[in-house]
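Comments concern the structure below.
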Amino acid sequence: MFISASPSLADFIETLLGTDPSGDAHPASLDILKVYIANNGTHFKFILECKGRPKPSISNIYIVWMDSKGDAFPDYCLVAGGLSGLYEIKVIDGAIIIRYKAPIDVTVEDKRIHLMVELSKIEYPDGVKEIVGVVATTYQLTLKGKKAQKESPFGNGTLPKDHEYIPKLPRFKMRDRAPDTDRYTVAHSVVSEFPGVTPFIFIPLIMIVTYVIYRKKFRR
């Protein structure tokens, strides 16, 4: 969790990335219905709307995978539950290594779970390509995994096949994937550094123009 106070939710601009079928995962708390991305200029977050109230824990994990380098493979993932945090993903000698990079802020509101982190942690804007790929997943710890509690509940993954895009996690069973195939895409400009600049300039400009017009009419 962040030590400082979290940015106001009202400051964030939400964009719907896509939807996922209802009832294709159980329990309902792990059934993803909608995936949003939002930012406020300094932080960005993913919002997963589920069929039931999300319950992140050591056995229920929510992950958003990001391909920010344009290489059709995730470079980062945001994890809620287990060892929550932002993880950097590297492929070394054919094995995928998932390393902890930074803390994230996780909040649950009704049937939504928010995973938030600073934009600078993903090297934005210079380190982010024009199109970012996104996949959201939910996992549940298997019975085999519960016997190995001393090991990391997140762990390293195995290299996926070309069509799978995301790695498999040891000791965890995937409950839902949004989208079911391929991935959502979002433009670099949506993960914006200053999303509020345009409206803050545009609205006062309208007010000034309106004032000038009415003043001229009054004089006439």
Side-chain angles (χ1 to χ4, degrees), residues 1-40 42-68 74 76-89 98 100-119 121-122 132-141 145 152-155 157 165-167 169 171-180 183-184 186 190-191:
M1 297 289 184
F2 291 122
I3 297 176
S4 58
S6 298
S8 170
L9 295 178
D11 296 336
F12 283 87
I13 298 175
E14 290 186 16
T15 300
L16 177 65
L17 293 183
T19 61
D20 192 62
S22 175
D24 63 344
H26 300 282
S29 60
L30 297 175
D31 186 5
I32 303 171
L33 302 182
K34 295 179 181 179
V35 179
Y36 298 85
I37 188 171
N39 77 89
N40 71 345
T42 59
H43 296 71
F44 78 98
K45 64 180 175 180
F46 289 100
I47 305 169
L48 308 184
E49 185 174 319
C50 300
K51 187 176 181 180
R53 183 178 176 84
K55 300 176 181 178
S57 65
I58 195 170
S59 58
N60 293 329
I61 293 183
Y62 303 75
I63 301 181
V64 178
W65 308 86
M66 294 180 61
D67 168 27
S68 64
Y76 297 99
C77 63
L78 285 75
V79 181
L83 296 178
S84 297
L86 172 70
Y87 288 77
E88 189 171 17
I89 303 171
I98 305 175
Y100 180 87
K101 183 174 178 66
I104 68 171
D105 189 24
V106 178
T107 56
V108 175
E109 295 183 345
D110 193 22
K111 296 181 180 180
R112 285 181 160 199
I113 182 168
H114 301 242
L115 296 79
M116 181 175 66
V117 71
E118 295 175 78
L119 279 164
K121 300 303 182 183
I122 60 167
V132 177
V134 175
V135 174
T137 53
T138 58
Y139 297 86
Q140 207 164 36
L141 191 66
S152 167
F154 186 49
Y165 178 72
I166 56 176
L169 301 182
R171 304 182 302 281
F172 282 93
K173 180 178 178 61
M174 184 186 293
R175 291 301 182 188
D176 202 6
R177 184 192 197 280
D180 290 333
R183 53 183 176 162
Y184 302 122
V186 56
V190 175
V191 191

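Just so it is clear, the structure is predicted and the values come from calculations on it, not from any experiment.
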Please set out all donor-acceptor pairs under 3.5 angstrom arising from side-chain atoms of residues 20-36, sequence neighbours excluded.
| unit_1 | atom_1 | unit_2 | atom_2 | d |
| --- | --- | --- | --- | --- |
| Asp31 | OD2 | Gly23 | N | 2.6 |
| Tyr36 | OH | Arg112 | NH2 | 3.4 |

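- Salt bridge present: Asp67 and Arg183 bring a charged side-chain N and a carboxylate O closer than 4.0 Å.
- Residues Val134 and Ile37 have side chains not in contact (no heavy-atom distance under 4.5 Å, counting atoms from C-beta outward).
- In this structure, the side chains of His43 and Lys45 stay at 4.5 Å or more apart for every pair of heavy atoms.
- Judged by distance alone, the side chain of Ser68 and the main-chain N or O of Val132 form no donor-acceptor pair under 3.5 Å.
- Not a single ring pair (Phe, Tyr, Trp, His ring centres under 6.0 Å) links Tyr139 to another residue, sequence neighbours left out.
- A 4.5 Å side-chain heavy-atom check between Ile113 and Pro56 finds at least one atom pair inside the cut-off.
- Distance NE2/His114 to OH/Tyr62: 13.0 Å, rounded to 0.5 Å.
- Rounding to the nearest 0.5 Å gives a distance of 13.5 Å between CZ of Phe44 and OG1 of Thr15.
- Residues passing the side chain to side chain donor-acceptor pair (under 3.5 Å) test with Asn60 are Gln140, sequence neighbours excluded.
- Note that CG of Asn39 and OG1 of Thr42 are 8.5 Å apart. Values are rounded to the nearest 0.5 Å.
- Taking each heavy atom of Asp180 and Asp176 in turn, the nearest pair found is OD1-OD1, 4.3 Å.
- For the atom pair CG of Leu115 and CG of Asp105, the computed distance is 9.5 Å after rounding to the nearest 0.5 Å.
- Take Ser57 and apply the side chain to side chain donor-acceptor pair (under 3.5 Å) test, not counting sequence neighbours, and it matches Ser59.
- Lys121 meets the side-chain contact (heavy atoms from CB on, under 4.5 Å) test with Leu86, Ala102, Val117, Glu118; sequence neighbours excluded.
- Residue Cys77 comes nearest to Trp65 through the heavy atom pair CB-CE3, 3.6 Å, listed as atom of the first residue, atom of the second, then distance.
- For the pair Lys101 and Tyr76, the NZ or CZ position fails the cation-pi test of under 6.0 Å to the six-membered ring centre and within 45 degrees of the ring normal.
- Considering NZ of Lys173 and CG of Leu141, their distance stands at 13.0 Å, rounded to 0.5 Å.
- Between Ile122 and Met66, some side-chain heavy-atom pair lies under the 4.5 Å cut-off.
- At least one side-chain heavy atom of Ile61 sits under 4.5 Å from a side-chain heavy atom of Val79.
- Residue Tyr100 comes nearest to Gly85 through the heavy atom pair CE1-CA, 4.0 Å, listed as atom of the first residue, atom of the second, then distance.
- In this structure, the side-chain contact (heavy atoms from CB on, under 4.5 Å) partners of Ser84, at least two apart in sequence or on a different chain, are Val106.
- Between Thr138 and Met174 there is no side-chain heavy-atom pair separated by less than 4.5 Å.
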